Amino acid sequence: MSGSRSTEPQTPLLATDNEPVDGYTDYKGCPIKRSKSGGWRSASCILAARSLERFAYLGIESNLINYLTGPIGESVATAAANVNTWVGVASLVPIFGAFVADSFLGCYKSIIIAAILYILGLGLLTLSAMITPIVTGASDSQGRTKNELGPESPAMHIKALFFGSLYLIALAQGYNTFLQAFGANQFDEKHPEESKAKSSFFNWWFCVGAMGAIATHLILPYIQDNINWGIGFGIPFLAVIVGLILFLLGNKMYRFPATIGDKEVEIRYGKKDKGFKKSISALYIVAPSSSREESLLHGEFLKDDSPPAGDDSTNINETSSKTKEIKEVLRLFPIWVTCLTYTIGHAQSCTLFTKQATTLDRSIGQSYSIPTAALRIIIALSVAFCSIIYDRIFIPIARRITRYPYGITMLQRIGIGMAISVLNMVIAAVIEKKRLKTARDFGLLDISNATVPMTFWWLAPQYLLFGLVDVLINVGMQEFFYDQVPTELRCLGLSFSQGAIGIGDFLSSFLVSMIDKITSQGSRESWFSDNLNRAHVDYFYWLLAGIGVVGLIAFVCLAKSYIYREPNNIKNDSDV
């Protein structure tokens, strides 16, 4: 399915645990030893911050529509539009944030700034929720309620505070991308064992995110709906603060990538020369097996013999380097576009899947009925379970068969996920057809609010497969775009996968609106009728399956001819 890369990462020259890691420094700018930095010891702090961030974000996103239609007082249509817009913006912001991080600030500073924005947004959101009930019950001296006071009423100020804080949270969504890029940087891709661990890092990144989602769906919706919205928003606020503290605790263990090439880096020398800084240029070490591998020579530096600033040859080299970086990013664009066919189906988990569930029997026992939003726990559980199985069982078995260090290639992983995604849409269509048949058999076609005598467990297969697809495609996309962009643009690479999800949401909304308009003309019933028993969501699922097949075919064609980018090099090998 895809082009291959060399079967084993290149072993660095003179690599021992007691020597400095090539190309990395500590937070003071000093050379840093492998035995005291990076790897899982530092990644664990980052993964903890990731889990708490997902707990916080999903604590807002998963129940936002109920808050908008409740305390804020919006109609269902307006609230749904606002939620879709906010999610889309939150998914696209990381692309622009990644550009700033890669070009100016670096991952670490970007994490701190994004975390501050995140905390500020959640704090203001909590404040708006706490004072909304007070304003709702307020009246002026003439006994007029807030609805009679006009546009200058306190409620308008509360709405402005609420939406301002909501979009401040969206603006901070680069935090997740920066964390992931910084976490992946803790593994040296030139070291055989750490290179394998980096692939596992992407799996565990998704797994701990799922654990945060499980905790969110079990705890926060109940608190928000039954106790207090202020507390329900305040808990995510505290979660991000705790996550930032845990992240900062790892400062002394983190590896900070040193700038390589003709750019200068500052290295603080040892105890004898404490406080003395010397500006140096990175030294290239040419290994026989990789003529362009770049390495810092374990803290030993030579005199800078690079051309003086303003030299024509320097300008030409910089222009050539930038042109090469742009070409390497642009060659990923066709594969990214084919992945959009999957993201349209991805958008259905919180919309049409949930809508289907509202019509089914969700009772457990005689007295408890599962909230429809809580069914998303099945996806989170599937993600957590499949991530562990993939990392601990599938990859070791695949390694023995393929002799490839990562089991299968990244594009093979994405392609398998896209195929399962098509299968999932087919299953969803078949189950929806059965639901419609059951409603027809029991004479419920014209009773929109009736509970169809069909248990919600019928939806379990599509939810479970959705989690498996997430593990294969989303993790695969994150690893692929991180690995295949130039080193200086890795935040941008990671943002591509999240941006694809955001664009998928927008494309799904556009497709639903267009189909609804076309199919509701005349006296026909729309595919998305308010009475789901008269609708034809199954037709839409079949359409998404067809779109997925087209995308899969295009993806396979592109993947078969794709040449993987090795670290600091490009290699073309025979297909696996």
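Note that the structure is predicted; figures quoted are calculated from it, not measured.
The shortest distance between side-chain heavy atoms of I46 and R50 does not fall below 4.5 Å. Looking only at side-chain heavy atoms (C-beta outward), L459 and F353 stay at 4.5 Å or farther from each other. Put simply, the side chain of I431 does not reach to within 4.5 Å of the side chain of Y541, judged on heavy atoms. Counting only heavy atoms from C-beta outward, the side chains of V240 and L52 never approach each other to under 4.5 Å. Proximity of L92 to F506: side-chain heavy atoms (C-beta onward) are separated by under 4.5 Å at one or more points. Side-chain atoms of L464 and L468, non-hydrogen and from C-beta on, never get closer than 4.5 Å to each other.
With sequence neighbours excluded, the residues forming a side-chain contact (heavy atoms from CB on, under 4.5 Å) with V100 are F104, L105, listed by chain and number. Looking at residues two or more places apart in sequence or on another chain, you find a side-chain contact (heavy atoms from CB on, under 4.5 Å) between I388 and W204, C207, R392. By the ring-ring contact (aromatic ring centres under 6.0 Å, His included) test, F540 pairs with F528, sequence neighbours left out. For E53, there are no salt bridge (Lys or Arg N to Asp or Glu O under 4.0 Å) partners, not counting sequence neighbours. Scored by the ring-ring contact (aromatic ring centres under 6.0 Å, His included) test, F456 finds no partners at all (sequence neighbours excluded).
Of the N and O atoms on the side chains of N251 and Y108, at least one donor lies less than 3.5 Å from an acceptor on the other residue. For the 3.5 Å distance criterion, the side chains of Q180 and T177 fail to qualify, holding no donor opposite an acceptor. For S387 and N203, the side-chain atoms include no donor-acceptor pair closer than 3.5 Å. Y57 and Q173 share no side-chain donor-acceptor pair at under 3.5 Å.
Relative orientation of the H346 and F466 rings is tilted, given thresholds of 30° and 60° on the angle between their planes.
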CA sep, side-chain torsions, deciding dist, call: S497, I501, side-chain contact (heavy atoms from CB on, under 4.5 Å):
CA-CA 7 Å; S497 60; I501 299 297; over 6 Å; no
Would Y482 and F202 satisfy ring pair (Phe, Tyr, Trp, His ring centres under 6.0 Å), going step by step from the backbone distance to the final call?
CA-CA 10 Å; Y482 172 88; F202 286 99; 5.6 Å; yes
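A donor-acceptor distance shorter than 3.5 angstrom exists from the side chain of S51 to the backbone of V208, with no hydrogens or angles considered. Put simply, the side chain of R255 gets close to the backbone of Q186: a donor and an acceptor are under 3.5 Å apart. At least one donor-acceptor pair closer than 3.5 Å links the side chain of S110 to the backbone N or O of G106. Between the R331 side chain and the I563 main chain, a donor and an acceptor come within less than 3.5 Å of each other. Under a 3.5 Å cut-off, the side chain of S382 and the backbone N or O of I378 do not form any donor-acceptor pair. Side-chain atoms of Q462 do not come within 3.5 Å of backbone N or O of I427 as any donor-acceptor pair.
Counting heavy atoms of neighbouring residues, nucleotides and ligands inside a 6.0 Å radius, atom CH2 of W40 exceeds 12 of them.
Remark: of the listed residues Y254, W205, F187, Y175, Y254 is the sole one forming a ring-ring contact (aromatic ring centres under 6.0 Å, His included) with F182.
Note that CG of L472 and CE of M477 are 12.5 Å apart. Values are rounded to the nearest 0.5 Å. Separating the OG atom in S200 from the CG atom in D391 is a distance of 3.5 Å, to the nearest 0.5 Å. Expressed to the nearest 0.5 Å, how far CD1 of I473 lies from CD1 of I414 amounts to 8.0 Å.
Y562 and Y564 have their aromatic ring centers within a separation under 6.0 angstrom.
Taking the centre and axis of the six-membered ring of Y390, the NZ or CZ atom of R413 falls inside the cone set by 45° and 6.0 Å.
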Side-chain donor-acceptor pairs under 3.5 Å in residues 333-341, sequence neighbours left out?
residue: W336; atom: NE1; partner: F496; partner atom: O; Å: 2.9
residue: T338; atom: OG1; partner: I335; partner atom: O; Å: 2.6
residue: T341; atom: OG1; partner: T338; partner atom: O; Å: 2.6

